[in-house]
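Because the structure is a prediction, the values reported are computed rather than measured. Here is how names work: the chains are called A, B, and so on, in the same order as the sequence lines, proteins then strands, and each is numbered from 1. Note: hydrogens, waters and symmetry copies are ignored here, and every other heavy atom, side chains too, is used.
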Number of protein chains: 2
Amino acid sequence: MGTSLEPTHSRLPALPRRHDPDHADCRSVASILARVGDKWSVFVIMMLSDGPKRFNELKRMINGISQRMLTLTLRGLERDGLVTRTIFPTIPPRVDYELTDLGRGLQAPVKALGEWAITHQDQIAAARSRFDERNGG
Amino acid sequence: MGTSLEPTHSRLPALPRRHDPDHADCRSVASILARVGDKWSVFVIMMLSDGPKRFNELKRMINGISQRMLTLTLRGLERDGLVTRTIFPTIPPRVDYELTDLGRGLQAPVKALGEWAITHQDQIAAARSRFDERNGG
DNA sequence: CTGGATCCGACCAGATACTG
DNA sequence: CAGTATCTGGTCGGATCCAG
């Protein structure tokens, strides 16, 4: 296969090893965080919030994504048990993607993060401008 | 410069364009999500939870990171106004990194996500095993 | 100690063409 | 419509050397 099925969680290197209970779960958390951190994954989860969607439906909604990335992203989400893939053997073929309970559960923290981002985007944008100006300009 | 200072948020492609208020902020949210999604950024934020840390201190705590990536990550966080960089002109030089108020605010949602990850890591691991078994073997 | 600069391999991600 | 296969460029990330 030319391209890996695990774009994100396969890259994890050696990991912090401490004895704190907080850090004991670093490995697993990291791989899950990596998935959430994946831009496309987040978008897909967002888009699936209001019910199941078809492949090209998602592709249209997430304008910048390539069909390849969408496939890969959906595979990853399916692998992690966050979305289900339902095939209707009709002609033309139809495939529905839908959030699982697990996936819906993930929505809450993700949405919290998203709302934080929205709330503070101005501050961050300002900080970036300041930094860029101070540095490059 | 050999390497970009913006490893993540510069790659953002064309973005979803809908009329929902939810999606109006996609652009900004995406770039912030990208930062949070960055594995190293999250680790650094975690490590800085309990007070300021020095460069090599962080490097030791995050075992897998190279000094290059740590530098890049810290620059990114500094650019976004999430951490401050304080230089002590001593010999040997000493640089402290500390979370800003903004950075500390980010901790809450990130931690929520982390806790969700910890809570459901078993389910996800199981789902992955199932998927891998059904698919690859 | 805290980085910057550079070389270089690895792999991600887009474009394209093709299948069922 | 819903993918798969392949080629390819871009860039991320580690290793190394060097400087303040």
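In this entry the distance linking CZ of B:R94 with C1' of C:dG3 reads 16 Å, nearest Å. Here C:dA13 presents its C1' atom at 16 Å from CG of A:L74, a figure rounded to the nearest Å. A:L72 has its CG atom 15 Å from the P atom of D:dT6, to the nearest Å. Nucleotide C:dT2 holds its C1' atom 13 Å from the CD atom of B:E57, rounded to whole Å. Rounded to a whole Å, the CZ atom of B:F43 is 13 Å from the P atom of D:dG13. Atom CG of B:L70 and atom P of C:dG3 are 8 Å apart (whole Å). Straight-line distance from the CE atom of B:M69 to the P atom of C:dG3: 15 Å, rounded to whole Å. D:dC12 atom P lies 12 Å from atom CZ of B:R35, rounded to whole Å.
Partners of B:R60 according to the salt bridge (Lys or Arg N to Asp or Glu O under 4.0 Å) rule, which considers only residues two or more places apart in sequence or in another chain, do not exist here. Legend: residues meeting side chain to side chain contact (heavy atoms under 4.5 Å, CB included) with B:A127, ordered by chain and number and at least two apart, are B:R130. The side chain to side chain contact (heavy atoms under 4.5 Å, CB included) search around A:S49 returns A:Q107, not counting sequence neighbours. Not counting sequence neighbours, the partners of B:D101 by the salt bridge (Lys or Arg N to Asp or Glu O under 4.0 Å) test are B:R104. Residues passing the side chain to side chain contact (heavy atoms under 4.5 Å, CB included) test with B:I91, sequence neighbours excluded: none. Applying the side chain to side chain donor-acceptor pair (under 3.5 Å) rule to A:T73 yields no partners; only residues at least two apart in sequence or on another chain are considered. Looking at residues two or more places apart in sequence or on another chain, you find a side chain to side chain contact (heavy atoms under 4.5 Å, CB included) between A:P52 and A:D96, A:E98.
An OP1 or OP2 oxygen of D:dT4 is reached within less than 4.0 angstrom by a side-chain nitrogen or oxygen of A:R75. Between B:R54 and C:dT2, a side-chain N or O to OP1/OP2 separation shorter than 4.0 Å is present. Between D:dG3 and A:Y97, a contact under 4.0 Å exists linking OP1 or OP2 to a side-chain N or O.
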Report, one pair per line, the protein and nucleotides 16-20 of chain C atoms (nitrogen or oxygen only) whose separation is under 3.5 Å.
from	atom 1	to	atom 2	distance (Å)
C:dT16	O4	A:Q67	NE2	2.9

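Checking D:dG14, C:dT2, C:dA13 against every side-chain atom of B:V95, the shortest atom distance belongs to C:dT2. With distances taken from any side-chain atom of B:T71 to the nucleotides C:dG14, D:dA2, C:dG4, the minimum falls on C:dG4. In the set D:dG14, C:dT2, C:dG14, C:dT2 carries the atom at the smallest distance from any side-chain atom of B:F55.
The rotation axes computed at either terminus of the helix from C:dC1-D:dG20 to C:dG20-D:dC1 lie 40° apart, taking five pairs at each end and rounding to 10 degrees.
Every pair passing ring-ring contact (aromatic ring centres under 6.0 Å, His included) that includes a residue from residues 95-116 of chain A is listed here, sequence neighbours excluded: A:W116-A:H120.
A:I32 CD1 to B:Q121 CD: the interatomic distance, rounded to the nearest 0.5 Å, is 6.0 Å. Summarising the geometry, atom CD1 belonging to A:I45 is positioned 8.5 Å from atom CZ belonging to A:R35; distances are rounded to the nearest 0.5 Å. One distance of note links NZ of A:K39 with CD1 of A:I62; it measures 10.5 Å at 0.5 Å rounding.
Between B:F131 and A:D80 the shortest side-chain heavy-atom distance does not fall below 4.5 Å.
The stretch residues 85-92 of chain A touches DNA chain D through A:R85, A:P92, each having a heavy atom under 4.0 angstrom from the strand.
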